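Letters A, B, ... mirror the listed sequences (proteins, then strands); counts begin at 1. Being a predicted model, the structure only gives us computed values, none of them experimental.
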Amino acid sequence: MNNIVSAIFLAENIKKIEIHAPRIAKKRKAGQFVMIRVSEHGERIPLTIAGSDPEKGTVTLIVQGMGKSTRELNLKKEGESIHDIVGPLGTPSHIENFGTAVSIGGGVGTAIAYPTAVALKEAGNHVITINGARTKELVILENEMKAVSDEAYITTDDGSYGFHGFVTQKLQELIDSGKTINYVLAIGPIPMMKAVAEVTRPYGIPTVVSLNPVMVDGTGMCGGCRVTIDNEIRFACVDGPEFDAHKVDFKNLSDRNRMYLEEEQQSVEAFSHKCQLGQQK
Amino acid sequence: MDLKPMTTKERLAIPRQPMPAQDPKERIRNFREVHLGYTPELAQREAMRCIQCKDPACIKGCPVNIKIDKFIKLIAEGDFLGAVRKIKEDNILPAICGRVCPQEDQCEKVCILEKKHESVAIGNLERFVADYERETGNVELPEILPATGKRIAVIGSGPAGLSCANDLARLGHSVTVYEALHQLGGVLMYGIPEFRLPKDIVQAEIDGLKQIGVEFVTNTVVGRSVTIDELMEEEHFDAVFIGVGAGLPWFMGIPGENLLGVYSANEFLTRVNLMKAYDFPQSDTPVFDCRDKNVAVFGGGNTAMDAVRTAKRLGAEHAYIVYRRSEAEMPARKEEIDHAKNEGIEFLLLMNPIAFIGNEQQWLTGVKCIRMELGEADESGRRKPVPVKDSEFLLPIDMAVISIGNGSNPLIKQTTPEIEVSRRDTIVVDINSMATSKENVYAGGDIVTGGATVILAMGAGRTAAKAIHEKLAGQAPDFDNE
């Protein structure tokens, strides 16, 4: 059992949760994730670590309520606990002074792009961040991203805040302006990561994405998180989760992530029903 | 008991006592254990079959040299608790080994009776006394030697780690076991199904270790959460035993392996055993809904049998084993193969998959196979399967489980590079002590041998415990580390 030290909503349905886990807090590096189980009968789900405080012994997760487990996690309040947390898992982000590095976060992916942006900044890069969301209310970590950026951009799909359009349009604009970009990191929904890969491919800009396949153990045992990289099987839990975006078979990833769609819906419906009953009490 | 000793002739006249089992028609609808266990009467009668050889071959056939003749004699005399204690001098987990050891290739294979009669059912007897001890509430805490002040970290709570931890704790050392998963037991929990090894038995063994002072820490991945160097330098462990088991599953490298519905055996079994996916949605983890579907498991080992029988219990209409050699070459225990056959598992032998076929939504719909025939013997001594020309055919299936073995977990190698590994990434040890190339670090089980058996892992854990004890005993105790 691990205590929740703080839990606050950053946007509708997106919660920032700080969990007591001293070993993980001490060891974790940008790009790594934890596996958590919210309750006794819970699934093991991977969540990328958004930050940590080694002194306090806490790690921070930023969670969007999507399936049953993430919704259940988002109901947790300060002082409550989660059943299990293990990590840090996965290979840390490859960080060096590339020159100019662009860190792109789409939606809750910004929570993962942020720690890598911090690491890129610390390594001496000229850091450009593009923080994309569907609409203004869903923009998260605006100040944090700004603080680590030499140039910070916000994009919204509906134009309600910042640049009107997708992160890829902003990225294209930066490339077209003649700026030399040496490295791009993109984390967000699969279509966004795929689109970013296609923007940078013609220019040969090294581009890295963080993949989110379904996992079970997350420690290099079950093989469920296999992804296709350069036509070969790789395991996101130990070989990743970050991979060369130009080599990722995104279609295979999104296909495989549909595997339990029906079961997920069934769980979410049952869970929502239970929650409603709980409120009526 | 009849005090007059039985003659050998009388003993040989007793037939091998069959193990009572759940009816196959019944058991494919539940996950309860297949075998029901001997009654005391059956056990005693079986034990009387042992002719008490002067130089018992069975003991040499046992990887941990259990004093088999002696424990069987005690059973014949009706001293069941005496018998289990005799076993425990050499094997701390008889309830588990009595169930999952391949006795037919070890002790029972070399039993003198095997040639003319059937061998004594040593495994069934081991299991009986272990269950008797537990079920009658007679499990005794072993004697623990005075505390040595030495601290040992055991990485992995599977069979190798548990046996190593047990021996070290009994010798008075302070032992902490680290487990990566949220549940203790390793492959005994996530891999071997309930119907072959009930989980409450594994739990009882772990509880026994807790009672003798072994500490367990779950959710800790050594290599990630903490490294071996940190355990030794910062947390002051005097020695480390690595028993992390096998790693990532192998795939076949044929087209379509990433289609929806294709699993590794590790993933399929972990979902069902560890995560209790058979109980979805009460348990949150789902697994492919096998009901009325066709499932094929590729491979011929015990894990393949576990997977295919699990699929059958989850409601599969056809559950196939697809294996490229013939039944004679199958590595699975004969008992498991027989159980599978009785349960209606269909064996498609001398067949090899060439490609998985899927529909537009990328769900698996079938597998293209080719028939094989046996050619010359290969390095393993088994006749090598070669494809029969123009014999391809399509087998319609909805789910596939690939069960062709595992590689090694790369984490220890990545984070403790001075530990020497083989080309296959298994850890290299001195087989007499299980010592690795790093001072005071030992290893055993599948991480050393590649995929092997529970009893071999336990034997390795015990060998390492002995070596660790001898090494540390030469050093002054340092209680200030506590």
Evaluation steps, salt bridge (charged side-chain N to carboxylate O under 4.0 Å, His left out), between B/Glu235 and A/Arg23:
CA-CA 12 Å; B/Glu235 306 196 17; A/Arg23 267 195 209 277; 2.7 Å; yes

Within a strict 4.5 Å, meaning less than it, do heavy atoms of the A/Met35 and B/His182 side chains meet?
no

Could you tell me which portion of A/Ile45 (side chain, backbone, both or neither) has an atom closer than 4.5 angstrom to a non-hydrogen atom of chain B?
neither

For a quick test of reading the model, state the closest non-hydrogen atom pair linking B/Val221 to A/Leu89 and the distance between them.
CG2-CD2, 3.7 Å

Does the side chain of B/Glu267 reach to within under 4.5 Å of the side chain of A/Asp217, using non-hydrogen atoms?
no

Starting at CD of B/Glu257, measure out to OG1 of A/Thr228 and round the result to the nearest 0.5 Å.
10.0 Å

Please classify the contact of B/Tyr190 with chain A as side chain, backbone, both or neither, using a heavy-atom distance under 4.5 Å.
side chain

Could you check whether B/Asn258 and A/Arg226, counting side-chain N and O atoms only, form a donor-acceptor pair closer than 3.5 Å?
yes

Below 4.5 Å from any heavy atom of chain B, which atoms of A/Asp84 appear? Answer side chain, backbone, both or neither.
both

Give, for atom CG of A/Asp255 and atom CG of B/Leu259, the distance between the pair rounded to the nearest 0.5 Å.
8.5 Å

Side chain, backbone, both or neither: which part of B/Gln282 has an atom under 4.5 Å from a heavy atom of chain A?
backbone

Greater than 12 external heavy atoms within 6.0 Å of B/Lys413's NZ:
no

